[in-house]
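All figures in this text were calculated on a predicted structure; none of them were measured in a lab. Every chain is numbered from 1, with letters handed out A, B, ... down the list of sequences. Hydrogens, waters and symmetry mates play no part in the numbers below; they use all other heavy atoms, side chains included.
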Protein chains: 2
Amino acid sequence: MNDQVFSDLDLTSLLSLSYNSTINELHEKLSELGFDDIRPAHGFMFKCIIPNGATGIEISEYLGITKQAVSKMVDFLEKSGYVMRQTHPTDKRGKIIVLTERGWLVVKAKEKILTEIEGRWSAKIGSERVQVLKGDLLKIIFKENEGEYSSFSRPIW
Amino acid sequence: MNDQVFSDLDLTSLLSLSYNSTINELHEKLSELGFDDIRPAHGFMFKCIIPNGATGIEISEYLGITKQAVSKMVDFLEKSGYVMRQTHPTDKRGKIIVLTERGWLVVKAKEKILTEIEGRWSAKIGSERVQVLKGDLLKIIFKENEGEYSSFSRPIW
DNA sequence: ACAATATGGTCAATCAAGTTGACTATGATA
DNA sequence: TATCATAGTCAACTTGATTGACCATATTGT
């Protein structure tokens, strides 16, 4: 196999590498803190739940998977103590998924870790450049013609 | 569920969104060109194969999956005409996976599409800024302390 | 030289995370 | 109030990975 020439990477590969290395570091650190059963998709779900809970259907639309798959994920996360199913206040068919105390702990830990990582980047390229970077990425994901953000790709965590 | 405030996204989410939207667009366009059976992992494998072929073990290390999983992928890609297994020139145990003509076609198409996308970005934020962006991302994925690029995250395509 | 061990690849069984389809209970509507 | 729609769960299946066993060939140590 040919060696990868890093200085010649296209933008897509660079985005992939930087994103993946961030997510890997995040989950390594979470693992060290005892949250070793949390996968990226779980954090993605937490983002949908925060701050006031969400129904299974809402989560499934957010994650882009079926409601049955969400139900299985919630089974797992409920068993491991991160979320709870609550009865829906107005709709007796529905349930609301909310974070438990442990769920909030992992969310706080995630924020701390990501802040650290972003801080390391600021130390390396300067915080102004990080702001420019964020602004540029924001412009890039904004679909010029359609005037809205791309719908098929969603942030994890 | 709370609405996503796009202007307040952290860097990780921005990287995820921009990466995913790029990959989605790439595969949509490939699909239109008739390469609808190609998944991102396949393109990743092509990158390892180019330009002189690779053994199954090499590919498995590159992709970070088992050699058995690679073998199945190669079965699929061979059946659909993108790669071939060749006998290894010196090691009678081994085989070399190489691209077929159709395999090269999809690689060329991918390059064209990614160039278009990067060009669109240049048109939007300016090509100098795209260069800065690339340089910054490169610095970010370079692990300062260890003096080497992060090993667990690899580019797709 | 050759016995012991390591390596490349495949086969088979299994696992994990998703899917589709069927169903129940409740809600909304003609 | 009869009908249709919706939220959630159960069960069966699909897919892309895994582990373990195996064969053929290479490499190594004595």
>> Using the side-chain heavy atoms of Arg85(B), tell me which of these nucleotides is nearest: dT10(C), dT19(C), dT25(D).
In response: dT10(C)
> Between Tyr19(B) and Asn20(A), is any pair of side-chain heavy atoms under 4.5 Å apart?
Replying inline: no
>> I want to confirm an ordering. Mapping Ser71(B) and Asp91(A) to their closest nucleotides on DNA chain C, which one lands closer to the 5' end?
In response: Ser71(B)
>> Can you say whether a donor on the side chain of Gln68(B) sits under 3.5 Å from an acceptor on the base of dG8(C), or the other way round?
In response: no
> In this structure, are over 12 heavy atoms from other groups packed under 6.0 Å from Glu128(B) atom CD?
Replying inline: yes
> Can you find a pair of side-chain heavy atoms, one from Leu114(B) and one from Ile117(B), that are under 4.5 Å apart?
Replying inline: yes
>> Looking at dA7(D), I'd like to know if its phosphate oxygens (OP1 or OP2) sit under 4.0 Å from a side-chain N or O belonging to Thr55(A).
In response: no
> Between Phe44(B) (CZ) and dG16(D) (P), how many Å, whole number?
Replying inline: 17 Å
> Across the strands shown, which category fits Ser60(B) at heavy-atom distances under 4.0 angstrom: base, sugar-phosphate, nothing?
Replying inline: nothing
> Taking only side-chain nitrogens and oxygens of Thr66(A), does any of them come within less than 4.0 Å of OP1 or OP2 of dT19(C)?
Replying inline: yes
>> I want to check something: taking the side chain as every heavy atom from C-beta on, are Thr115(B) and Asp10(A) in contact at a cut-off of under 4.5 Å?
In response: no
> Across the strands shown, which category fits Lys95(A) at heavy-atom distances under 4.0 angstrom: base, sugar-phosphate, nothing?
Replying inline: sugar-phosphate
> Arg93(B) side chain N/O closer than 4.0 Å to the phosphate oxygens (OP1, OP2) of dT27(D)?
Replying inline: no
>> Tell me the interatomic distance from Ile96(B), atom CD1, to dG8(C), atom C1', rounded to whole angstroms.
In response: 12 Å
> Just checking, is any N or O donor in the side chain of Trp157(A) or His42(A) under 3.5 Å from an acceptor N or O on the other one?
Replying inline: no
>> Output the rounded distance in Å from CD1 (Ile38(B)) to P (dG16(D)).
In response: 12 Å
> Rounded to whole angstrom units, what separation is found between the CD1 atom of Ile59(B) and the C1' atom of dG9(C)?
Replying inline: 12 Å
>> Taking only side-chain N and O atoms of Lys92(B), does any of them lie within less than 4.0 angstrom of OP1 or OP2 on dG9(C)?
In response: no
> Gly94(B) or Asp75(B): which one's nearest nucleotide on DNA chain C is closer to the 5' end?
Replying inline: Gly94(B)
> What's the CD-P distance between Gln86(A) and dG8(D), to the nearest Å?
Replying inline: 13 Å
> Could you state the CG-P distance from Leu77(A) to dA17(C), rounded to the nearest angstrom?
Replying inline: 11 Å
> Toward the 5' end of DNA chain D, which comes first, Lys72(B) or Lys67(A), by nearest nucleotide?
Replying inline: Lys67(A)
> Met73(A) has an atom CE; how far is it from atom P of dT19(C), in whole Å?
Replying inline: 11 Å
> Rounded to whole angstroms, how far apart are CG on Asp37(B) and C1' on dG16(D)?
Replying inline: 16 Å
